[in-house]
Amino acid sequence: MSSDATRIGVLGGGQLGQMLGLAAIPLGLECVFYDPAPASPARMVGRHECAAWDDHDALARFADAVDVVTFEFENVPAASLEFLAARKPVRPGVRSLELTCDRVREKEFLRSVGVPVQPFAALASAQDLDLALATVGPHGVLKTRTLGYDGKGQRVVKSAEELAPAWDALGRAPCISEAFVPFDREVSVVAARALDGSTAVYPLVENLHTRGILFRSVAPARVPDALADAARAHARRVLDGLGHVGTLALEMFVADGTLIANEIAPRVHNSGHWTIRGARTSQFENHMRAVAGLPLGDTSMDGPAAMINLIGGLPATREILAIEGASAQLYGKEPRDGRKVGHINLVARTRDELDRALADAEALARRVNRLS
Ligand code: AMP
């Protein structure tokens, strides 16, 4: 495929798809979204192919209608992806999905490209429990290998005796047992790689989660420059190691001044939403540029920026806009406990100005947010 892809097929039609679709319009790109859910937020910004993942007629129609396929949702069934990959280029490649949808393979990959991870062990049968304890120690986190998100499918284990019951509670599914990291802060790097292998890496982001769901991202993270540079170098290793085309996020812990990678999201990511206002080119635009074979845009920022998630409820839009430097991004989703329905982006000239706006935005979000 040359650099003239203009019709982009997006697997998944959630808010990430919606923001990809919005970024596509000024680039002259047209999106078609594939999503089994009829009320997909992305249907407002492109054609929506509403069909089941195993509907081969619909998948074939979708493949015919686009030049290239990408995704905003990484749990696309492997068979559907294979079906599409036989017909149109899939960007990022299947390798990016295969190595990140399974937490054990993901950690093995991270280690293989020189990105530090905590001790971990695979847990598939009762015989593995002892080895997991010996490798990880008594204080760990047990997570299902696949399909976990926003802290779902995981249990914190605080002693050797708690491991077997925690595994029972996860239905004895194939799991990863990993050491608990007593982190000082959580950070992420959002970065993109173009078809020609060139990369564009955003400033380091500091994230705060509430009950496993991202609540706040602030960029640039307040860490020493050397640590931020190391984190960004890790993201480049991941991009190159995967041969990724498009945007991804590498989530890491900072513990005792060192970085430990937690996971890779092989797609645009919630911790990069601030780039819509806060960076010269958003993560969504850079993803679309990469997928279409276009050159990547500048990732630098003109001042500090932040994002606050609206989860399970929305304030009046005018309350968001009353905050200095704030913009609203509402996804058009029916509010439900624990569901991300929008976010507030903040840009400022100085860190003090950002901190004042953050205090207002956080108070507003805390008033309306409903976590499950
Ligand atoms: P994950 O689904 O892996 O992104 O985990 C969700 C959240 O759980 C993370 O953002 C952390 O706040 C916490 N967490 C996950 N794994 C660990 C770990 N090994 N040690 C400490 N906290 C963790």
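In listed order, ligands and their atoms are each counted from 1.
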Q: Find out whether the Lys NZ or Arg CZ of R87 is both under 6.0 angstrom from the six-membered ring centre of F83 and within 45° of the ring's axis.
A: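 Yes, R87 sits over the ring of F83.
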
Q: Counting only heavy atoms, tell me which of E106, E263, R211, E186 gets closest to atom 11 (C) of ligand 1.
A: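 Result: the heavy atom closest to atom 11 (C) of ligand 1 is in E186.
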
Q: At under 4.0 Å between heavy atoms, is it the side chain or the backbone of N262 that contacts ligand 1, or both, or neither?
A: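 Side chain only; the backbone of N262 stays clear of ligand 1.
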
Q: So, 4.0 Å and heavy atoms of A179: is ligand 1 close enough to count as a contact?
A: yes

Q: If only side-chain N and O atoms count, and only distance matters, is there a donor-acceptor pair under 3.5 Å linking T70 with H287?
A: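 Checked: H287/T70 side chains pair up, N/O donor to acceptor below 3.5 Å.
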
Q: Please classify the V181 to ligand 1 contact at 4.0 Å (heavy-atom distances, strictly less than): side chain, backbone, both or neither.
A: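 Contact part for V181 vs ligand 1: both backbone and side chain.
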
Q: Could you tell me if S300 and D298 have a donor-acceptor pair between their side chains, going purely by distance under 3.5 Å?
A: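 Present: a donor and an acceptor within the cut-off.
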
Q: Judged by modelled atom types alone, do D196 and S198 share a side-chain donor-acceptor pair under 3.5 Å?
A: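 The answer is yes; a qualifying pair exists.
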
Q: Taking only heavy atoms of H209, which atoms of ligand 1 are found under 4.0 Å from at least one of them?
A: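 The atoms of ligand 1 under 4.0 Å from a heavy atom of H209 are 10 (O).
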
Q: Can you name the atoms of ligand 1, numbered from 1 with element, that are less than 4.0 Å from a heavy atom of Q118?
A: 19 (N)

Q: Among Q154, K143, H139, which residue places a heavy atom closest to atom 16 (N) of ligand 1?
A: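 Shortest heavy-atom distance from atom 16 (N) of ligand 1: K143.
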
Q: Distance from E49 atom CD to D55 atom CG, nearest 0.5 Å?
A: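 The distance works out to 7.5 Å.
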
Q: Does the pair K158/E162 count as a salt bridge with the N-to-O cut at 4.0 Å?
A: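 Salt bridge: no.
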
